[in-house]
Amino acid sequence: MSVVEQYARAHIVTDEDARDEPPAVPVVLRYDPDADPRSVRVGLPGTDEWTFSRSLLEQGLRTPAESGDVRVWPLGRVQAVVEFHSDHGTSVVQFESKALLRFLRRTYMATPVAG
């Protein structure tokens with residue numbers, strides 16, 4: 001099976017001046033069905049990479065969902081937020097939902113949900 005890799009642009013949300021929209025940054029979405037068919041990875045700028053369940057991402061696009069240190073929720077009709085918690089703090093990343101949906105669709109084409 002092949003690895004699915006997709007680049008997306010996202011906004012890293014901070015507590016700085018909320019009037020200024022943070023600039024979009026490149027984020028890498030990865031899915032390797034040979035390594036773990038149930039998980040996806042999100043690579044943030046720098047060295048941060050997070051692994052969490054594909055089903056959490058899917059559920060979080062419809063309704064708030066969380067598992068461990070990762071939370072996902074829809075933000076209106078066209079955006080979604082993924083929040084990562086670690087010992088070093090919290091990263092809040094805002095995506096266009098369509099980018100995440102396109103990525104999920106590609107992962108399901110690579111490996112369908114086991115029923």
Side-chain angles (χ1 to χ4, degrees):
M1 288 182 242
S2 61
V3 173
V4 174
E5 185 171 278
Q6 178 177 311
Y7 293 86
R9 303 214 32 93
H11 297 277
I12 308 292
V13 180
T14 67
D15 58 0
E16 294 177 11
D17 193 345
R19 293 176 300 188
D20 298 327
E21 183 173 326
V25 296
V27 175
V28 180
L29 307 169
R30 287 190 184 95
Y31 174 71
D32 185 349
D34 292 329
D36 184 354
R38 294 186 179 120
S39 295
V40 295
R41 293 182 289 168
V42 175
L44 301 177
T47 59
D48 291 337
E49 184 169 86
W50 292 82
T51 302
F52 56 96
S53 78
R54 178 169 68 166
S55 62
L56 174 65
L57 181 58
E58 181 179 16
Q59 180 183 359
L61 289 173
R62 293 186 311 268
T63 185
E66 69 179 275
S67 179
D69 295 333
V70 180
R71 294 182 179 100
V72 183
W73 67 90
L75 184 61
R77 292 178 170 231
V78 297
Q79 296 179 327
V81 174
V82 182
E83 185 177 274
F84 304 102
H85 294 264
S86 74
D87 293 340
H88 305 292
T90 301
S91 295
V92 180
V93 185
Q94 187 173 326
F95 290 90
E96 286 190 20
S97 297
K98 67 182 178 183
L100 297 176
L101 288 167
R102 184 172 39 252
F103 172 68
L104 279 173
R105 211 173 11 255
R106 292 180 65 208
T107 71
Y108 289 125
M109 288 171 45
T111 305
V113 176

Taking it one step at a time, do L44 and V93 satisfy side chain to side chain contact (heavy atoms under 4.5 Å, CB included)? CA-CA 9 Å; L44 301 177; V93 185; 3.7 Å; yes

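- Rounding to the nearest 0.5 Å gives a distance of 14.0 Å between CD of Q59 and CH2 of W73.
- Remark: the backbone N or O of V4 is not paired with any side-chain donor or acceptor of R106 at under 3.5 angstrom.
- Rounded to the nearest 0.5 angstrom, L104 CG and T107 OG1 are separated by 5.0 Å.
- Contact detail for A110 and Y31: the closest heavy-atom pair is CB-CE2, 4.2 Å.
- Residues V82 and V70 approach most closely at CG1-CG1, 4.1 Å, considering heavy atoms.
- In this structure E49 satisfies the salt bridge (Lys or Arg N to Asp or Glu O under 4.0 Å) test together with R30, R41, sequence neighbours excluded.
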Does the side chain to side chain contact (heavy atoms under 4.5 Å, CB included) test come out yes or no for L29 and V40, once each step is laid out? CA-CA 7 Å; L29 307 169; V40 295; over 6 Å; no

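- Side-chain atoms of R62 never come within 3.5 Å of backbone atoms of P74 as a donor-acceptor pair (strictly under, hydrogens ignored).
- We find the OG-CG distance between S67 and L57 to be 12.5 Å, quoted to the nearest 0.5 Å.
- Not a single donor-acceptor pair under 3.5 Å links the side chain of E66 to the backbone N or O of E83.
- Note on L100: it clusters hydrophobically with V25, by side-chain heavy-atom contacts below 4.5 Å among ILVMFWY residues.
- Applying the ring pair (Phe, Tyr, Trp, His ring centres under 6.0 Å) rule to W50 yields the partners F84; only residues at least two apart in sequence or on another chain are considered.
- The two residues V92 and V81 make their nearest non-hydrogen contact at CG1-CG1, 3.6 Å.
- Taking CG of L56 as the start and OG of S39 as the end, the distance is 10.0 Å to the nearest 0.5 Å.
- Residue V28 is not grouped with residue F52 when hydrophobic side chains (ILVMFWY) are merged at heavy-atom distances under 4.5 angstrom, including chains of intermediate members.
- Following chains of ILVMFWY side-chain contacts shorter than 4.5 Å, one cannot reach V42 starting from Y7, and the two form parts of different hydrophobic clusters.
- Atom CD of Q94 sits in a crowded spot, with more than 12 heavy atoms from other residues, nucleotides or ligands closer than 6.0 Å.
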